[in-house]
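Notes follow once the structure below has been shown.
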Amino acid sequence: MKFSSSYEPGEYESEIYAAWEASGIFNPAVPTIPIDNDGDGIDDRSKTNTYSIVMPPPNANGNLHIGHGLTVALEDSLTRYYRLRGKSTWYIPGADHAGFETWVVYERELEKHGHTRFEYDRDELYSRVWNFVAEQRGNMELQLRALGASCAWDDLTFTLDENVIDRVYTTFEKMWNDGLVYRGEKLVNYCPKHQTAFADIEVEHQDEKGTLWDIEYRLAENTDLDAVIVSTTRPETLFGDTAVAVNPADPRYKELIGKYVELPLTDRKIPIIADEHADPEFGTGVVKITPAHDFDDFEVGNRHNLERIQVISEDGHMVNVPEKYFGLTTSDCRKEVLKDLKEQGLLKDEKKIVHSVAHCYKCGTILEPMLKEQWFIDVEKLASVAISHLEANEIKFYPENKQKVLINYLKGLKDWNISRQIPWGIAIPMFRKVDVSATDEPDWIFDRRTNLKEIEKAGVKYVRDEDTFDTWFSSSHWPIVCTNWTAENNNPYYPLNVMETGADILFAWVARMIMMGIYVTGEVPFKAVYLHGLVLDAEGKKMSKSKGNVINPMDLVAKYGSDAFRLGILRGRSAGMNQAFSENSVIAGRNLTNKLWNISRLIQSIIDEEFEDNTIEGLPEAAAEDERPNPVKTGVRDATRNGIISNSYTTNNMGEDWICREINNCLEQVEKSMRGYRFAEAVETLYQTIWDKYADWFIESQKIFKNTSLLKKTLETLLIALHPFAPFVTEAIWQNLSWTDGFIATANWPAKLKYDPISAENFENIRIIVSEVRATLQALPGTNNAKYPLLYDNDSLVAENELLIKTLTKAPTINSLNGSPRGLRLALANHEVYLDVSESVVNNYKEALTEKILAVGRELDALNARMMNPNYVEKAPAHLVKETTDQIKEKESLISRLKQQLEIV
RNA sequence: GGGGAUUUAGCUCAGUUGGCUAGAGCGUACGAUUCACAUUCGUAAGGUCACAGGUUCAAGCCCUGUAAUCCCCACCA
């Protein structure tokens with residue numbers, strides 16, 4: 001006996017994964033480079049059936065978290081399903097240099113050792129981080145294997161691989177030539193701690209309590225008013241004020257437009273301008289304008305040609321301010337300014353308010369709007385082309401509504417800042433002219449030689465821009481670089497069949513992949529997008545380190561097995577929804593794997609018994625166990641795909657026909673669910689079929705009538721169907737069964753089973769009878785352990801299945817009454833089955849019987865009411881009306897029988 | 001301000017062109033048993049499908065409105 005009494009995932013998982021990997025079955029069957037074997041000049045691969053999917057690359061030096069666990073469960077189920085369906089599947093793994101994330105980790109590391117980034121130059125830092133990542137790398141790859149990800153490891157793409165950088169530079173050059181890249185001085189969100197700018201999308205806004213101060217700005221000339229009051233939450237920025245604005249339609253200040261006010265604490269005079277930005281309803285209706293430190297004011301400044309005075313430096317200290325305040329931090333400066341304003345009587349009021357404040361998503365530092373020269377992508381064209389492809393429904397979205405959400409986002413998209421002031425990333429391939437005398441040469445040139453700090457072209461010297469690309473700029477090329485798309489080859493793996501990723505990066509990543517995919521290849525990069533929501537803790541709360549409710553997927557894998565984790569995390573989950581997750585669902589998954597294991601164990605023992613019987617009768621002995629090729633042990637497998645081995649089978653009784661029907665339904669349901677990306681539904685269907693139908697009814701009935709060919713066939717079918725979701729246990733069983741061959745991972749998806757539908761339907765009656773016997777036994781008062789003989793009268797179905805019914809109900813005996821009823825008649829409309837109990841027991845059951853009659857009566861009333869409605873009879877489909885009529889007959893017959901019973905008592 | 005979603009059993013969720021006498025897992029209660037599996041088997045309880053209208057022979061599902069919860073984007077001097 002090779003099957004132990006329970007499934008121990010730890011004994012099989014790593015061995016099985018190693019065997020899969022070594023055998024090469026995870027590599028696509030169709031080459032990923034062009035071929036033309038038939039010599040017709042057309043790439044043969046474009047004629048084949050491919051399925052491609054790329055992994056959103058996990059951080060190269062990190063560990064997988066629960067979201068990765070979900071991603072793998074989803075993507076690998078798809079991959080394995082389509083592999084079984086005969087497609088050449090290519091699941092491409094990746095690793096992310098995770099620019100900013102990794103940089104933050106490394107910078108902390110530097111700090112720990114008493115260093116700062118400013119002690120090193122860019123190239124030095126880059127190679128230091130590279131080594132740091134190299135040392136840490138590999139954990140997450142092992143974890144992906146533990147989760148069963150059937151990806152093509154040879155094709156793993158790292159976001160800093162040469163081909164990635166090459167492709168990114170090619171695109172950037174094209175954009176530069178197309179005029180989609182420009183260098184501009186703009187306000188950007190800037191983290192003073194990390195000293196880098198961010199894209200709008202990386203900024204986290206939080207509502208916070210703050211103070212709104214009213215400050216008096218005195219008029220510099222004589223008018224009706226002596227002064228105006230402005231309100232601000234950031235008094236320290238007043239040194240950067242270059243105007244105050246009023247709304248042109250505001251009658252209160254009409255006369256003041258064009259006049260000047262004295263800027264407090266300075267000797268500057270600034271103009272009063274008219275701009276729509278000033279809201280007459282807000283505060284006094286007068287607003288100070290600080291173009292260098294506020295996004296709205298920046299716009300106002302552009303409209304009125306105002307000077308931009310930067311008063312906060314990149315490391316968060318005051319500059320370009322009166323001596324007294326110079327060099328202070330912004331918060332110290334604020335205190336000083338408020339104190340001084342108060343002394344001069346210019347601070348008029350202060351109010352507590354709640355306003356939203358921009359924070360660094362990594363360190364939480366308040367972001368400073370900072371005036372900087374950066375590289376920007378003009379997104380207008382890219383976005384509008386993307387919108388037209390989206391509106392043509394070239395990409396199917398799961399959930400559907402995200403398509404609209406994405407279009408809405410693209411419509412309002414602003415130019416994209418792609419410059420980052422951190423060394424860990426892909427260098428921006430732009431060089432600035434240093435020789436100012438070379439007036440004919442452009443200020444900036446594109447050049448790929450970013451390994452050099454300085455280059456010379458046509459005798460002119462240029463120095464490299466020190467900035468790196470926003471990681472989303474390079475990762476927007478992900479489907480292109482992972483599939484090795486080129487303009488020359490007609491790559492059958494591009495576009496991807498599906499892009500599966502988190503709904504939270506729809507804008508940051510998916511939107512950009514679509515824009516870039518179309519820009520580079522002319523085609524959308526994937527045919528479908530499946531977005532998963534957040535995995536929340538058991539209480540529905542977001543997981544976070546600070547809350548201490550983080551679930552580590554690897555812990556669950558170690559405890560219950562990889563399959564249990566996958567089944568558990570898929571359960572009850574649907575596209576785009578944030579959903580709770582608890583260990584319980586993993587336990588349910590573990591129980592299923594164990595159930596399946598034990599089903600297989602039983603079936604194998606039945607096969608073994610038959611085999612022994614046959615050998616006794618002198619049939620030729622099968623190959624000894626040891627001679628059977630075991631790919632898990634040898635790491636080698638037959639190159640041919642497996643067929644289903646047990647193709648010859650027949651059904652011999654109703655239970656067998658019934659299970660064939662149920663398995664067919666299950667297969668159909670799974671196929672349908674997978675087409676619609678309804679993973680939870682597929683898992684649910686398999687769970688029900690394997691447990692409630694196969695084990696509880698079919699296997700139980702097979703304890704009486706053994707049909708080994710059908711047992712083999714049905715077990716294989718269910719194993720294969722479950723394989724995409726529970727790859728390890730199904731493979732472990734497959735390898736342990738005596739008659740299977742090769743890997744289940746490359747088996748063929750099962751065909752529908754043949755069966756007799758009438759016979760299958762009859763088995764439902766048996767199930768109804770058995771269930772009624774069990775329920776009645778439970779309901780009989782005071783008869784907990786009692787077993788009663790079964791009696792029946794004039795019932796051919798029961799007569800033919802005496803043994804089966806007796807076994808399933810655990811009745812001591814079952815006999816025909818031959819026309820003289822006794823005992824308790826069961827509540828069955830079409831069958832006469834009795835429990836052989838004494839009159840006193842029946843008497844005790846009277847109450848339950850009455851209740852039952854009432855219940856059936858209520859159902860009957862509802863049905864009758866339906867039929868009384870002439871509109872129903874007239875308008876409802878005929879088959880429904882007939883169904884109702886039949887049900888009425890059945891209920892009536894049941895009631896009359898139960899009433900008879902009651903009368904007898 | 002703009003956009004998107006959710007609300008079904010104690011909990012987590014299914015319920016796909018309306019046919020439902022509303023399902024599952026977990027949990028609960030009662031019972032069983034050593035025979036593939038106690039990671040088991042059997043039985044049961046538990047729901048005015050958020051609320052109010054409407055359309056329809058028929059509404060959990062479609063329409064209108066209301067409430068609660070949540071997310072994203074923009075803005076908040």
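Proteins come first, then strands; the chains are lettered A, B, ... in the order of their sequence lines, and each starts at number 1.
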Protein-to-nucleotide contact annotation, 5' to 3' order, nucleotides 18-24 of chain B [B base; S sugar-phosphate only; - none; under 4.0 Å, heavy atom]: -B-B--S
Exceeds 12 heavy-atom contacts within 6.0 angstrom, atom NZ of A:K810: no
Separation of atom CZ in A:F698 from atom C1' in B:A36, rounded to whole Å: 15 Å
Base of B:A36 paired with side chain of A:E700 (donor-acceptor, under 3.5 Å): yes
P atoms of B:U43 and B:A50, separation to the nearest Å: 30 Å
With a cut-off of 3.5 Å and sequence neighbours excluded, list every side-chain donor-acceptor pair involving residues 274-290 of chain A.
from: A:D275; atom 1: OD1; to: A:H277; atom 2: N; distance (Å): 2.8
from: A:D275; atom 1: OD1; to: A:R303; atom 2: NH2; distance (Å): 3.0
from: A:D275; atom 1: OD2; to: A:R303; atom 2: NE; distance (Å): 3.1
from: A:D275; atom 1: OD2; to: A:H304; atom 2: NE2; distance (Å): 2.7
from: A:D279; atom 1: OD1; to: A:E281; atom 2: N; distance (Å): 2.9
from: A:T284; atom 1: OG1; to: A:I229; atom 2: O; distance (Å): 2.4
from: A:T284; atom 1: OG1; to: A:V286; atom 2: N; distance (Å): 3.4
from: A:K288; atom 1: NZ; to: A:T237; atom 2: OG1; distance (Å): 2.9
from: A:K288; atom 1: NZ; to: A:D241; atom 2: OD1; distance (Å): 3.0
from: A:K288; atom 1: NZ; to: A:T290; atom 2: OG1; distance (Å): 3.2
from: A:T290; atom 1: OG1; to: A:D241; atom 2: OD1; distance (Å): 2.7

Sugar-phosphate, base or nothing in reach of A:F282, heavy atoms under 4.0 Å: base
Along RNA chain B (nearest heavy atom to each residue), the more 5'-positioned of A:P280 and A:S6: A:S6
Dot-bracket line, read 5' to 3' along RNA chain B, where crossing pairs take [ ] and | marks a partner on another strand, Watson-Crick or G-U under 3.5 Å: (((((((..((((.....[...)))).(((((.......))))).....(((((..]....))))))))))))....
d(CG, A:L410; P, B:A74) in whole Å: 14 Å
Nucleic acid contacts of residues 581-592 of chain A, taken as heavy-atom distances under 4.0 Å to RNA chain B: A:N584, A:A588, A:R590, A:N591
Pairwise P distance for B:U69 and B:U8, with rounding to whole Å: 15 Å
Residues which pass ring pair (Phe, Tyr, Trp, His ring centres under 6.0 Å) with A:F239, listed by chain and number, not counting sequence neighbours: A:Y325
Closest-nucleotide ordering on RNA chain B, the 5'-leading residue of A:K288 and A:A775: A:A775
N or O in side chain of A:Q579 less than 4.0 angstrom from B:C11 OP1/OP2: no
Side-chain donor/acceptor of A:K402 to base of B:A5, under 3.5 Å: no
Nearest-angstrom distance, P atom, B:U16 to B:A22: 15 Å
Distance between C1' atoms of B:U21 and B:G25 (Å, rounded): 23 Å
Rounded distance (Å) that lies between atom C1' of B:G25 and atom CD1 of A:I690: 15 Å
Sugar-phosphate only, base, or nothing, as touched by A:D294 at under 4.0 Å among non-hydrogen atoms: nothing
Protein-nucleotide distance (A:Q778, atom CD; B:G31, atom C1'), rounded to Å: 5 Å
Protein-nucleotide distance (A:M577, atom CE; B:U69, atom C1'), rounded to Å: 12 Å
Separation of B:C30 P from A:R774 CZ (nearest whole Å): 21 Å
N/O (side chain, A:S574) to phosphate O (OP1/OP2, B:C13) under 4.0 Å: no
Short side-chain N/O contact from A:N594 to OP1 or OP2 of B:C37, under 4.0 Å: no
Qualifying residues under ring pair (Phe, Tyr, Trp, His ring centres under 6.0 Å), relative to A:Y253, sequence neighbours excluded: none
A:T685-A:E681 side chain donor-acceptor pair, cut-off 3.5 Å: no
Qualifying residues under ring pair (Phe, Tyr, Trp, His ring centres under 6.0 Å), relative to A:F507, sequence neighbours excluded: A:Y409
Ion pair A:E764/A:R767, N-O distance below 4.0 Å: yes
Residue list, side-chain hydrogen bond (donor to acceptor under 3.5 Å, both in side chains) with A:K595, at least two apart or on another chain: none
Whole-Å gap separating C1' (B:U12) and CD1 (A:I551): 13 Å
Backbone N/O of A:V379 and side chain of A:D415: donor-acceptor pair under 3.5 Å: yes
Short side-chain donor-acceptor distance under 3.5 Å, A:T211 and A:K352: yes
Atom-pair distance (CZ on A:R675; P on B:U17), nearest Å: 15 Å
Contacts of A:T708 that satisfy side-chain hydrogen bond (donor to acceptor under 3.5 Å, both in side chains) - sequence neighbours left out: A:E610
P gap between B:A5 and B:G65, integer Å: 15 Å
Touch class at under 4.0 angstrom, heavy-atom based, for A:W691 against every strand present: sugar-phosphate
Nearest-Å distance once atom C1' is located in both B:U39 and B:G3: 47 Å
Which nucleotide in B:C37, B:G42, B:C57 has an atom nearest any side-chain atom of A:D696: B:G42
Atom C1', compared across B:A58 and B:C20: separation rounded to whole Å: 11 Å
Listed nucleotide nearest any side-chain atom of A:H205, set B:U16, B:U12, B:A74: B:A74
Sugar-phosphate only, base, or nothing, as touched by A:V230 at under 4.0 Å among non-hydrogen atoms: nothing
Residues forming a ring pair (Phe, Tyr, Trp, His ring centres under 6.0 Å) with A:W213, sequence neighbours excluded: none
Selection residues 860-874 of chain A - residue pairs positive for side chain to side chain donor-acceptor pair (under 3.5 Å), sequence neighbours left out: A:Y872-A:T884
Separation between the P atoms of B:C73 and B:U66, rounded to whole Å: 26 Å
Residues that A:K541 engages under side chain to side chain contact (heavy atoms under 4.5 Å, CB included), provided they are two or more places apart: A:D537, A:E539, A:K547, A:N549
